[in-house]
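The block underneath contains the structure these notes are about, expressed in structure tokens.
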Amino acid sequence: MKSNKMKICNLLMCFCLVFALTGCTTSSHKAYTYSVETGDSVEIKLDTSDHYAITSDIPFVISRDGEVLSQGTFIHAEYYAQYEEAARTDEHAQILDSGTKDGSQYVFWSYNDSEYNYVILVEDSDTGIILANNVSEESARECFDRLTFSLE
């Protein structure tokens with residue numbers, strides 16, 4: 001009889017521990033839909049855990065604990081290639097990464113090792129996004145990684 005009570009007690013303690021650990025993980029998001037001059041409506045969603053925030057204005061601002069980290073604005077899709085070409089050919093620019101995220105193409109580059117920029121072509125749209133950060137490469141990557149983009 002004691003062993004059954006002990007098993008139940010251990011099981012309850014394990015359940016409480018698992019519940020407590022999963023209860024500590026919080027994830028929050030803030031999303032805005034922007035109606036841009038291209039005619040598209042683009043939703044940008046930011047993971048706001050760890051005190052990150054995004055504004056609803058254009059240009060939108062991503063901050064952490066009140067410190068501005070990145071600013072973003074919208075461009076016509078045809079300018080995406082021009083920004084990418086400039087990043088690849090400017091002697092002061094260095095491509096740091098490129099690929100796709102959420103189905104959207106992007107290029108990430110530094111300019112004079114003091115400005116860190118993304119140009120993003122939103123999937124299935126006529127819209128691109130420029131995301132600029134003059135804090136650090138790590139800060140720029142963190143802001144970008146916290147974002148998702150979609151056409152509404």
Criterion side chain to side chain donor-acceptor pair (under 3.5 Å) on Thr33 and Ser41, from CA distance to verdict = CA-CA 6 Å; Thr33 300; Ser41 291; over 6 Å; no
ask   = Going through the checks in order, is the side-chain contact (heavy atoms from CB on, under 4.5 Å) test met by Ser110 and His92?
value = CA-CA 8 Å; Ser110 69; His92 300 288; over 6 Å; no
task = Would you indicate whether the side-chain heavy atoms of Asp97 and Tyr106 approach each other to under 4.5 Å?
result = yes
Any pair counted as salt bridge (Lys or Arg N to Asp or Glu O under 4.0 Å), so long as it reaches residues 115-140, sequence neighbours left out = Glu137-Arg141
Any Ile130 side-chain heavy atom under 4.5 Å of Tyr83 side chain = yes
request  = Could you note down all residue pairs passing side-chain hydrogen bond (donor to acceptor under 3.5 Å, both in side chains) where residues 53-70 supplies at least one of them, sequence neighbours left out?
outcome  = Ser70-Asn133
query = Do the two ring centres, one from Tyr34 and one from Phe60, sit under 6.0 Å apart?
reply = yes
note = OH (Tyr52) and SG (Cys143) are apart, to the nearest 0.5 Å, by 5.5 Å
query = How far apart are the C-alpha atoms of Val107 and Tyr80, what are their side-chain angles, what is the distance that settles it, and do they pass the side-chain contact (heavy atoms from CB on, under 4.5 Å) test?
reply = CA-CA 9 Å; Val107 176; Tyr80 175 88; 3.5 Å; yes
ask   = With side chains defined as the heavy atoms from C-beta onward, is the minimum distance between Leu69 and Val61 less than 4.5 Å?
value = no
Interatomic distance, Ser49 atom OG to His51 atom NE2 [nearest 0.5 angstrom] = 9.5 Å
ask   = Which of parallel (below 30°), tilted (30 to 60°) and perpendicular (above 60°) describes Tyr118 and Phe144?
value = parallel
Within 6.0 angstrom of Lys45 NZ, more than 12 heavy atoms from elsewhere = no
message = So Leu131 and Phe108, do their side chains get closer than 4.5 Å, heavy atoms only?
response = no
query = With a 4.5 Å limit on heavy-atom distance, are the side chains of Ser104 and Leu121 in contact?
reply = no
remark   = One should read off an interatomic distance between Ile44 CD1 and Thr148 OG1, to the nearest 0.5 angstrom, of 9.0 Å
query = Hey, is Asp47 close enough to Lys30 for a salt bridge, meaning N to O under 4.0 Å?
reply = no
Closest contact, heavy atoms only, Tyr32 versus Ile54 = CE1-O, 3.5 Å
Note, Asp40 side chain near Val122 side chain (heavy atom, < 4.5 Å) = no
remark   = Rounding to 0.5 Å, atoms CZ (Phe149) and CD (Glu43) come to a distance of 11.5 Å
